[in-house]
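Inspection log for the structure reproduced underneath, given as structure tokens.
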Amino acid sequence: MLTQLKRIVQEVNQIPILDDALTFLARRLQDTMKVDCCSIYLANYEQQHFMLMATEGLSKEAIGQVAIGFSEGLIGLIGQREEPINIEDAQSHPRFKHYPEVKEEKYHAFLGTPIIHQRKVLGVMTIQQKRKRKFSEDEEAFLVTLAAQMALEIAHAEARGALNLSDELTRQTWQKSLRGVPGSNGLAIGVGHIPNIKFNLRGLMLRRNADATDQIARYREAVRLTRDEVQKLSDKMQGRVPDDVLAIFHLYQHLLDANSLGHEVEAKVQSGWDAASSLKMVVESYINQFRSMDDPYMQERAVDVEDLGNRVLGHLLKTNQEQRPVPDQAILVAEEVSASMLAEFPHGKLQGIISMRGSNNSHAAILARAMGLPAVMGVTDIPLSLLSGKDILLDGYSGEVIVSPSQAIRQEFQQLINEERELYGLLQEQADLPAETRDGHRVELLINAGLSAELEGIHSEVGDGVGLYRTEVPFMMRERFPSEQEQCKLYRSVLSINPAKNITMRTLDVGGDKPLPYFPVTEENPFLGWRGIRMTLDHPEIFLVQVRAMLRASLGLDNLKIMLPMISTINEVNESKRLIRQAYYEVAEEAQLDGQTLSMPEVGVMLEVPAVIYQLPQLAAKVDFFSIGSNDLTQYLLAVDRNNARVSGLYDSYHPAVLKALKLIVEEASKLNKPVTLCGELAGEPGGAILLLAMGYRKLSMNSFNLAKVKWVIRTLSMADAELLLEEVLDLEHPHQVRDRINRHLETLGLGGLVRAGK
Ligand code: PEP
Ligand code: MG
């Protein structure tokens, strides 16, 4: 069963046109399940009906003609109930509705299952039989499994079909709205741009082109370039890999021969397809042939054929792409946005970010917020290449991306952007005033920095110091670990921004969604794995070099604090402190020779693994301060991967359990007389800041863009009101109730402008 299922899914995936794929699916399913009839209906939400899209067994004339209302018949019932219906005799079911056009009088047994993607019913798949009988559990399970697998394909194909219309046509006729996870607040208008685009035959839509001579010439040139590339690769590998691996390159060269691929591709071009489409069709049929061979070795070769096809495609399309300059108003689109990608992008042109992977608290989203750039994460319903060169409106509050917008929507969006700018102007007017509530409570507002020093607008006047300097980015941007000298120079430049203000530097926190390109680690669960202090304690040489660099950089400035990430045991603190002391003696000795005195910096720990909440007294005895990483604390308390768009709806720092944990920590820290800062993203949200103040936090660290907003909130607020609000929300059951209640409060304070559609 499993093999059949896999094969059907694979075969369907190879068919680029949705209608064709559904027709094939219906035929294949009828055959595999040995039933009399199989049909597929797709939902149309505008029209509120299911349209018959493919069938084997019903009248073919009804395809594209018969529409069944969302609340009509058995198909409507499956959609409403969102579960399969398995009945012996459909015609005697009270919800059966007769549609004469489909000609189904002869069928009795009926099994239908919804096709659901991200909680949305995309369609219904049915099988029918003349004989009255109930379908078996196995048959039902097979259909349900297949529908679940097809759902993603259908979602992709719909988006692909929609976006592959020519720009002009798209603009005139309609726009497409895609949904992701809100990554960074704000609105942006721009043109999609993909740096280092990687071409993939799978996502390519077929196009026609009548100029066969030109297309063949392009194809031949692409093959020539691919041949050179493969030859170079093969030469490079000679002697370094076994002969059977080298044989793959020979297979490539053979396939590139005019008599193999070339012959068939050119025949397709002659029949009216463009070169890329022809290549796709031929390569995919080869892939199928290889996959269906009995010999497992030959089956594996399908991967090589696909790789080769992608290489030729790359050369075929690259010339157009490379000439496409970065648009003046660009929306950066990437599979996964990295810090280095942002650093290389021409900043003046960057308006917003779309990342196919990641979620609201991925580091790419945190970086976007630090740069004040709107971002939408986890946009999975579309092959990325289709956004290249398209007009895009991006709503970082709601996670919506509108592609090829109509003129009217574009104007509305522009109006909202203008209003936002005005609001920021107002915020800036308060920037120099103290962060003090109406009833006289002073709050220390610190900066989160380091994701990228020059991108974050840090300067000496901003904030009361740096509460979190993330050191990992300079590590991520290199091709090897930075030397002590390089690190020292960088840290010195940060510490000297304002020697009167404390700078809390966190030791390297790589792992999770922050891998080092030159130190790859493959793990099943990276966020529960070798991350932060766990990794650096296993590599004291890396830890010591970093701490020494920090200490040397602090000579004469004395404004350094050192913070340890991902602490989960007291032993990690003991070990880290031992190494810090060792580094201190080494640097202090060196300094003494130069007549300088090195001060021992304060050492603190991040509270981000729930275990430490229950060991605060023991920790307090060892360290000088605490700092809460609410991003990770939320992830670990709720067991929700902060980087996974699929569960982003569950990741919420306003969850009452998270709020209770935060309250407990600040109360305990105050009893223990330990200073505590909160440096997760929650501190930079207006609502989050209010709740944290009410709990007793007086030190909040956030990006410089949010600092102005939070300061405004604090200056508008009275602590007494905030405490009442906190009491109320702690009794609520759901994060969204907390959010609604806080937003209402912000509105009564006249701060409604800071609240937009969010979760
Ligand atoms: C946190 O976890 O809240 C934090 C500040 O650290 P990071 O986001 O870098 O993991
Ligand atoms: Mg963290």
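Whatever order the structure lists ligands and atoms in, that order sets their numbers, starting from 1. Index from 1, following the sequence. Treat the numbers as computed from the prediction; the structure is a model and nothing was measured.
- For ligand 1, the atoms sitting less than 4.0 Å from at least one non-hydrogen atom of Arg642 are 2 (O), 7 (P), 8 (O), 10 (O), numbered in the order shown with element in parentheses.
- Counting only non-hydrogen atoms, the option in Asp632, Ile366, Leu678 that gets closest to atom 10 (O) of ligand 1 is Asp632.
- Ring centroids of Phe475 and Phe519 are separated by 6.0 Å or more, keeping the two rings apart.
- Remark: distances from the non-hydrogen atoms of Gln635 to ligand 1 are all 4.0 Å or more.
- Inclusion of Asp509 in the first shell of the Mg ion (ligand 2) is not supported: no N, O or S atom falls under 2.8 Å.
- Judged by a 6.0 Å distance limit and a 45° cone about the ring axis, Lys561 is positioned over the six-membered ring of Phe625.
- Of the protein's non-hydrogen atoms, Asn631 ND2, 3.7 Å is the one closest to atom 4 (C) of ligand 1.
- Within ligand 1, the atoms closer than 4.0 Å to a non-hydrogen atom of Gly680 are 3 (O), numbered from 1 in the order shown.
- At a 4.0 Å heavy-atom cut-off, ligand 1 touches Leu468 through the side chain alone.
- The existence of a salt bridge linking Arg552 and Glu484 is confirmed by a sub-4.0 Å separation between a basic side-chain nitrogen and an acidic carboxylate oxygen.
- Applying the 4.0 Å criterion to heavy atoms of Arg531 picks out, from ligand 1, the atoms 10 (O).
- Seen from the Mg ion (ligand 2), atom OD2 of Asp632 and atom OE1 of Glu608 lie 100° apart in angle, a value rounded to 10°.
- Between the side chains of Asn643 and Ser359, no donor-acceptor pair is found at a separation under 3.5 Å.
- Using a 4.0 Å cutoff on heavy atoms, Met702 does not count as a contact of ligand 1.
- Not a single heavy atom of Met563 sits closer than 4.0 Å to an atom of ligand 1.
- We find that Arg744 and Glu747 are not joined by a salt bridge, their nearest charged nitrogen and carboxylate oxygen being 4.0 Å or further apart.
- Glu685 and Lys709 are not joined by a salt bridge, as no carboxylate oxygen comes within less than 4.0 angstrom of a charged side-chain nitrogen.
- Among the atoms of His363, some N or O lies under 3.5 angstrom from an N or O of ligand 1.
- In terms of modelled atom types and a separation under 3.5 Å, the side chain of Gln635 and the main chain of Asn631 share no donor-acceptor contact.
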### From CA spacing to verdict: side chain to side chain donor-acceptor pair (under 3.5 Å), Gln487, Tyr491
CA-CA 6 Å; Gln487 289 186 57; Tyr491 302 151; 2.8 Å; yes

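- The option with the heavy atom closest to atom 6 (O) of ligand 1, from among Lys514, Arg506, Glu472, is Arg506.
- Under the 4.0 Å criterion applied to side-chain N and carboxylate O atoms, Glu667 and Lys663 are assigned as salt-bridge partners.
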